[in-house]
Amino acid sequence: MFLSLRAEVEAALEAALAELEFPTDDLGIEEPPEDVESVLASSVAFRLASEAGAPPPQVAGRLAESIDADELTYVAEIQTQGPYLNFLPSDAYFAQTLETATDKSYGALEDRETSVVVEHTSANPTGPVHVGRARNPIIGDAVANLLEFAGYDVDRHYYVNDAGRQIATFTWAYETFDESDLETEPERDRIEYDLVRYYRIGNAFLEDGPEDEVEAAEAEIESIMQGLESGDEEAYERVSEVVDQVLSGMKGCLERLPAEFDEFVKETRFMRNEATDDVVERLKELDEAVYEDEAWQLELEDHGLDNNLVFLRSDGTSLYATRDLAHHEWKFDNYDRAVTILGEDHKLQAKQITTTLELLGTDTDDLRQVLYSYVNLPEGKMSTRRGTGVDLDDLLDEAIDRAREEVEDRLDDRIRDDDLDEDDIERIAHQVGIGAVRYDIVSKQPTKAITFEWEQALDFEAQSAPYVQYVHARCCGILEEAGLDPETDLAAQDIELDALDADLLETQAERDLLETIARLPAVIDEAADDLEPHQIATYTREFADRFNAFYRECPVLADDVDTEVRAARLALVAASKHTVANALSILGVEPPRSM
RNA sequence: GGGCACGUAGCUCAGUCCGGAAAGAGCGUCGGACUUCUAAUCCGACGGUCGUGGGUUCAAAUCCCAUCGUGCCCGCCA
């Protein structure tokens, strides 16, 4: 409803400005501070003062007079407060908000008939997912959810690097070493924990093995890469045996978040179908192409990039960037827009790709990157190859364990007599534990650096998931107590919606809550435009504050509450439930029915 | 050395893109509230030269310039 109100205010203000012969290019629309009653304001009078030859408050007054609030649906009144114009919401604004928000899909925006591919995670299939890159699936999944909710047709892709030197090395190590060569046991009973040991021992061997043997190994690795390059089926199968196994394990880990994908797109796909060769041929034709030191490169200085981009090695093999160009052209053959979630260390590479795609004739306006800074340990970087780092599995296990302890601790002093059984405790431990980890990461701006510390990552207090989840549980508790099903649209249940009267919600707490609910679609719209899911997290926190104020001040089911007020408040609770459930689901945080 | 990002309360962060209403949360500290729909909650107090210095503007945490600190990047790696 907020979006409609804003559109209405903009139109009215623009008309008023035109009528008074003022410029209409900047309406100065803004959201007022909390202690102001209006839902929308304008500071346009400041800018008009000199032109009007009158002080801002007078200009504001003239503008307010020239807008007739009676002609507006969602605005009841226009007040001036000094130089500011304040637009106060009408009864219709509240009534329509209450009505639309009792639908369980509240907040979902209209279909935009635009497809978008969100590529995220894309971690090399070399071993267990560690916390250093855990930001990627968590942010990526939230961005995908957000775009979906905002009306886009979304596919989620994981780009599998199965053609690089790392994977060739892994394949060689896997084929060369035996279980008996390994000095350690797998840290966990899942395939990637088993196989990463070969990768690590292989890398160690290449670093300080006997010189002649290392040379032979390098030659073998080189031949695997040449095989892949020439589309040799045998090389592909050898590599696949490693890649597919490791990837299936990593997939298992990511499903715990859960982060799921529509497609795992392999790099080799673009070698096997010759798209990469085609890209190479076209790159050679570019004015920027040079053949230097026996390698083909692109000079991108004129495009603001100092370093040359090598796209064909002197041995004739392609590079990651070359294949990624073919990959991106394929994306735009199949989707209207493409979004990639990337670590900040890939920023330069992303710029090179974008610039080069443009040179190849792809319009890159619809290609956007979300960059996040890596999570490091206090003692330094995490590395799969060296085996330093905290596994995401361990973090999730620990989070669930701690959440379980919390539930059990609280069991004794519960007031509510709802008998949580073992399944409930386990369910809550999972929802809260994993929710807390995700919320902690998704609620911060991705560009901020994070140093991983256990205590901080597992802090359930603070402004964390459980705080917001608790509000959802409270909503469900009230609805269930009233004999309603929280998961179902209110309209489909045994409650007189027609008789529902938003006017009965007259306390400040009720009005504030309803105003906050009204903003959800606008928040989703803007967060989706900006690709910033943390805006949703900020919103959930504010929403929870508002709901708790309502909860404190407005009993719903108490005996002395008038029947009609009770119905109106129940509707408000149902609307709140859908609002918080949907906002949390965008963040990938589960909304518990009880906790 | 060059490029990019970040710097807001003791700590963790919103707000910065798009300048406007005496800077907002949470944690921590201190003091209060459970015969009432779940106290993982709520109420109150304390806490700030928005890194620093200039500039633009009626108005700057927000825009511009400079500077300091931290991180990332500058491979025929991915």
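In what follows, chains carry the letters A, B, and so on, assigned in the order in which the sequence lines appear, proteins first and then strands, with residues in each chain numbered from 1.
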Please measure how far the P atom in B:G26 lies from the corresponding atom in B:A14, and state the result in whole Å.
16 Å
**Asked** Between A:Trp296 and A:Phe311, what is the ring plane arrangement, given parallel below 30°, perpendicular above 60°, and tilted in between?
**Response** tilted
So salt bridge (Lys or Arg N to Asp or Glu O under 4.0 Å) across residues 119-130 of chain A, not counting sequence neighbours, yields A:Glu119-A:Lys331
(Q) Please report the distance separating the C1' of B:A23 from the corresponding atom of B:G47, rounded so that it comes out in whole Å. (A) 13 Å
With sequence neighbours left out, the residues meeting side chain to side chain donor-acceptor pair (under 3.5 Å) with A:His157 are A:Tyr335
Next item on the list: Return yes if a side-chain donor-acceptor contact under 3.5 Å exists between A:Asn136 and A:Tyr374, otherwise no.
Entry: no
Reckon A:Val407 touches a base, only the sugar-phosphate, or nothing at all at heavy-atom distances under 4.0 Å? base
Parsed dot-bracket for RNA chain B after applying the Watson-Crick and G-U rules with both distances under 3.5 Å and | for other-strand partners is ((((((((.[[[[.)....(...]]]].(((((.......))))).....[[[[[..)....]]]]])))))))....
Assigned chi class of B:C34 under the 90° convention is syn
Discussion item. Using a heavy-atom cut-off of 4.0 Å across all strands, would you classify A:Leu48 as base, sugar-phosphate, or nothing?
Written reply: nothing
By side chain to side chain donor-acceptor pair (under 3.5 Å), A:Thr538 pairs with (sequence neighbours left out) none
Pairs: protein N or O with nucleotides 21-23 of chain B N or O, under 3.5 Å:
from: B:A21; atom 1: O4'; to: A:Tyr84; atom 2: OH; distance (Å): 3.1
from: B:A21; atom 1: N6; to: A:Asn86; atom 2: OD1; distance (Å): 2.9
from: B:A21; atom 1: N1; to: A:Asn86; atom 2: OD1; distance (Å): 3.3
from: B:A21; atom 1: N1; to: A:Asn86; atom 2: ND2; distance (Å): 3.2

Sorted by chain and number, sequence neighbours left out, salt bridge (Lys or Arg N to Asp or Glu O under 4.0 Å) with A:Arg410 holds for A:Glu406
Tested for salt bridge (Lys or Arg N to Asp or Glu O under 4.0 Å) against A:Glu480, the lone hit among A:Lys577, A:Arg593, A:Arg474 is A:Arg593
* Asked: At under 4.0 Å between heavy atoms, what does A:Val432 touch on the DNA or RNA strands: base, sugar-phosphate, or nothing?
  -> base
Discussion item. Whether the A:Arg541 and A:Ser464 side chains hold a donor-acceptor pair (N or O, under 3.5 Å, no angle test) is what I'd like checked.
Written reply: no
The side-chain contact (heavy atoms from CB on, under 4.5 Å) partners of A:Ala49 (sequence neighbours excluded) come to A:Pro56
message: Applying a 4.0 Å non-hydrogen cut-off, can you work out what A:Ala558 is touching in the nucleic acid: base, sugar-phosphate, or nothing?
response: nothing
By nearest-heavy-atom nucleotide on RNA chain B, the more 5' of A:Asn548 and A:Ala473 is A:Ala473
(message) At 4.0 Å (heavy atoms only), tell me whether A:Cys554 reaches a base, stays on the sugar-phosphate, or touches nothing.
(response) base
| said: When you compare the side chain of A:Tyr158 with that of A:His120, does any pair of heavy atoms fall below 4.5 Å? | reply: no
Discussion item. Between B:C65 and B:U56, how far apart are the two C1' atoms, rounded to whole Å?
Written reply: 11 Å
Sorted by chain and number, sequence neighbours left out, side chain to side chain donor-acceptor pair (under 3.5 Å) with A:Glu10 holds for none
Residues 345-354 of chain A side chain polar contacts: donor-acceptor under 3.5 Å, at least two apart:
from: A:His346; atom 1: ND1; to: A:Gln349; atom 2: OE1; distance (Å): 2.8
from: A:Thr354; atom 1: OG1; to: A:Ala350; atom 2: O; distance (Å): 2.8

Rounded to whole Å, the CG-C1' distance (A:Leu305 to B:C4) equals 12 Å
Rounded to whole Å, the CG-P distance (A:Leu420 to B:A40) equals 12 Å
To the nearest angstrom, the CZ-P distance between A:Phe547 and B:C42 comes to 12 Å
Separation of B:G3 atom C1' from A:His303 atom NE2, nearest Å, is 18 Å
*Expressed as a whole number of Å, how far does the P atom of B:A61 sit from that of B:G19?*
14 Å
Subject >> Phosphate OP1/OP2 of B:A25 contacted by A:Tyr539 side-chain N/O (<4.0 Å) >> reply: no
In whole angstroms, the gap separating C1' of B:A40 from CG of A:Leu411 amounts to 13 Å
Protein heavy-atom contacts under 4.0 Å, written 5' to 3' over nucleotides 6-15 of chain B as B (base), S (sugar-phosphate only) or - (none), form the string SS----SSSS
Tightest non-hydrogen contact, residues A:Ser594 and A:Arg427, listed as O-NH2, 2.6 Å
Between N or O atoms, less than 3.5 Å apart, protein on one side and nucleotides 72-78 of chain B on the other: list the pairs.
from: B:C72; atom 1: O4'; to: A:Glu344; atom 2: OE2; distance (Å): 3.3
from: B:C74; atom 1: O2'; to: A:Asn307; atom 2: OD1; distance (Å): 3.0
from: B:C74; atom 1: O2'; to: A:Asn307; atom 2: ND2; distance (Å): 2.3
from: B:C76; atom 1: O3'; to: A:Arg313; atom 2: NE; distance (Å): 3.4
from: B:C76; atom 1: O2; to: A:Ser314; atom 2: N; distance (Å): 2.7
from: B:C76; atom 1: O2; to: A:Ser314; atom 2: OG; distance (Å): 2.9
from: B:C76; atom 1: N3; to: A:Ser314; atom 2: OG; distance (Å): 3.0
from: B:C76; atom 1: N4; to: A:Asp293; atom 2: O; distance (Å): 2.1
from: B:C77; atom 1: OP2; to: A:Arg313; atom 2: NE; distance (Å): 2.4
from: B:C77; atom 1: OP2; to: A:Arg313; atom 2: NH2; distance (Å): 2.4
from: B:A78; atom 1: OP1; to: A:Arg313; atom 2: NH2; distance (Å): 3.1
from: B:A78; atom 1: OP2; to: A:Tyr320; atom 2: N; distance (Å): 3.2
from: B:A78; atom 1: O3'; to: A:Asn161; atom 2: OD1; distance (Å): 3.1
from: B:A78; atom 1: O3'; to: A:Asn161; atom 2: ND2; distance (Å): 2.2
from: B:A78; atom 1: O2'; to: A:Asn124; atom 2: OD1; distance (Å): 3.2
from: B:A78; atom 1: O2'; to: A:Asn124; atom 2: ND2; distance (Å): 2.6
from: B:A78; atom 1: O2'; to: A:Asn161; atom 2: ND2; distance (Å): 3.2

Exercise. Contact class for A:Phe311 (heavy atom, under 4.0 Å): base, sugar-phosphate, or nothing?
Worked result: nothing
*asked:* Measuring only the C1' atom in each nucleotide, how far is B:U8 from B:G69? A whole number of Å is fine.
replied: 16 Å
In whole angstroms, the gap separating C1' of B:U41 from OH of A:Tyr467 amounts to 8 Å
Whole-Å distance, A:Arg552 CZ to B:A33 P, equals 16 Å
(message) Can you check the distance between B:G48 and B:G10, where both ends of the measurement are the P atom (answer in whole Å)?
(response) 7 Å
(Q) Suppose you measure atom P in B:C27 against the same atom in B:A40; what distance do you get, rounded to whole Å? (A) 14 Å
For residues 300-313 of chain A, the side chain to side chain donor-acceptor pair (under 3.5 Å) pairs (sequence neighbours left out) are A:Glu288-A:His303, A:Gln297-A:Asn308, A:Arg313-A:Thr317
Using the P atom in both, what is the distance from B:C4 to B:U49, to the nearest Å?
31 Å
When rounded to whole Å, the NZ to C1' distance for the pair A:Lys347 and B:G71 reads 12 Å
**Request:** Classify the nucleic acid contact of A:Glu526 as base, sugar-phosphate or nothing, counting any heavy atom under 4.0 Å across all strands shown.
**Result:** base
In this structure, CD of A:Glu405 is separated from CD1 of A:Ile400 (nearest 0.5 Å) by 13.0 Å
| task | Could you tell me whether the side chains of A:Arg323 and A:Ser318 share a donor-acceptor contact shorter than 3.5 Å? | result | yes
